[in-house]
Amino acid sequence: MTKKIVFVVVLVGFLAMVYADGNAKDLPMEDIENQLKEKTNIEKMAKCDNRNLMQFFGLDYEQYESHIFYKGKEALSVEEVLVVKAHSKDDLTSVKDAVDARIASQIKTFEGYGPEQVAMLKNAIVTTKGNYLFYCVSKTPEKYEEVFKDAI
């Protein structure tokens, strides 16, 4: 009997951790962007507009609650940071697919002559939490991810 009780307690604890890890605060995108500006060097990148989201990812900004997108200023830069807040978790599937396609396309573009860019792309971070998707290609993508996770 005690084994069953211990098992149920462990199971409930595990499920609570899994459930809590998937949730995120409901923050305005400006708050996340401000945290990234304060704690990373995101401002060395260019802030992109809604048209750029469509151009580079094929995503219609009107389908999502909000987003921020920064891209490296140099022509050969692959550095990018994208945060999308969807209306629901289910909407993130298409965003993740678009990000994966972007990474694959960039790797194909730089494969023959940009080993540093390809290495950065292969080290890209794509993660979801709650209704948010975070994507980063950088020399230190873990730093951006840490700031993102701490913000939400």
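Computed from a predicted model, the values in this text were never measured in an experiment.
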**Message:** Tell me if a side-chain donor or acceptor on T109 pairs with a main-chain N or O of S105 at a distance below 3.5 Å.
**Reply:**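 Yes, the answer is positive, given that a donor and an acceptor are paired below the 3.5 Å cut-off.
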**Message:** Donor-acceptor check, side chain of Q117 to backbone of L76, threshold 3.5 angstrom: yes or no?
**Reply:**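 Answer holds: yes.
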Which atom pair, heavy atoms only, marks the closest approach of [X] to [Y]?
X: N131; Y: H87; value: ND2-O, 3.4 Å
X: G130; Y: K89; value: O-CG, 3.2 Å
X: V99; Y: F57; value: CG2-CE2, 4.0 Å
X: L27; Y: A151; value: CD1-O, 2.9 Å
X: K71; Y: C48; value: CB-SG, 3.6 Å
X: S94; Y: L59; value: O-CD2, 4.1 Å

Could you tell me if the side chain of [Y] sits less than 4.5 Å from the side chain of [X], heavy atoms only?
X: E79; Y: K44; result: no
X: N50; Y: H67; result: yes
X: N123; Y: E142; result: yes
X: Q35; Y: E38; result: yes
X: Q63; Y: D91; result: no

Is there a continuous path of hydrophobic side-chain contacts, each under 4.5 Å between heavy atoms, that joins [X] to [Y]?
X: V147; Y: Y135; result: no
X: F69; Y: L133; result: yes
X: L36; Y: V126; result: no
X: I125; Y: I103; result: no
X: I107; Y: L82; result: yes

**Prompt:** Any side-chain donor-acceptor pair under 3.5 Å between Y70 and S138?
**Reply:**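 Not at all, the side chains of Y70 and S138 share no donor-acceptor pair under 3.5 Å.
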**Prompt:** Would you say the side chains of Y144 and N41 form a donor-acceptor pair under 3.5 Å?
**Reply:**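 There is such a pair between these side chains.
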**Prompt:** Can a salt bridge be assigned to the pair K139 and E116 using a cut-off of 4.0 Å between side-chain N and carboxylate O?
**Reply:**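 Counted as a salt bridge, because a side-chain N and a carboxylate O are separated by less than 4.0 Å.
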**Item:** Ionic contact status for R102 with E80, cut-off 4.0 Å
**Value:**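 A salt bridge links E80 with R102.
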**Message:** Go through it in stages, so that I can follow the logic: the residues are Y132 and I32, the test is side-chain contact (heavy atoms from CB on, under 4.5 Å), and I'd like the CA-CA distance, side-chain angles, deciding distance and then a yes or no.
**Reply:** CA-CA 11 Å; Y132 295 90; I32 296 169; 3.5 Å; yes
Quick one: pull up [atom1] in [X] and [atom2] in [Y] and give me the separation to the nearest 0.5 Å.
X: K47; Y: K37; atom1: NZ; atom2: NZ; result: 5.5 Å
X: E33; Y: I68; atom1: CD; atom2: CD1; result: 5.0 Å
X: E43; Y: K73; atom1: CD; atom2: NZ; result: 8.5 Å
X: E65; Y: M29; atom1: CD; atom2: CE; result: 8.0 Å

**Request:** Check the pair D49, Q55 against side-chain contact (heavy atoms from CB on, under 4.5 Å), reporting the backbone distance first and the verdict last.
**Result:** CA-CA 10 Å; D49 59 17; Q55 177 184 358; over 6 Å; no
**Request:** Inspect the surroundings of NZ in K108 and state if more than 12 heavy atoms from other residues, nucleotides or ligands are less than 6.0 Å away.
**Result:**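 Open: at most 12 neighbouring heavy atoms sit under 6.0 Å from NZ of K108.
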**Item:** Verdict with supporting geometry, K85 and D26, side-chain contact (heavy atoms from CB on, under 4.5 Å)
**Value:** CA-CA 9 Å; K85 183 179 181 186; D26 187 17; 2.2 Å; yes
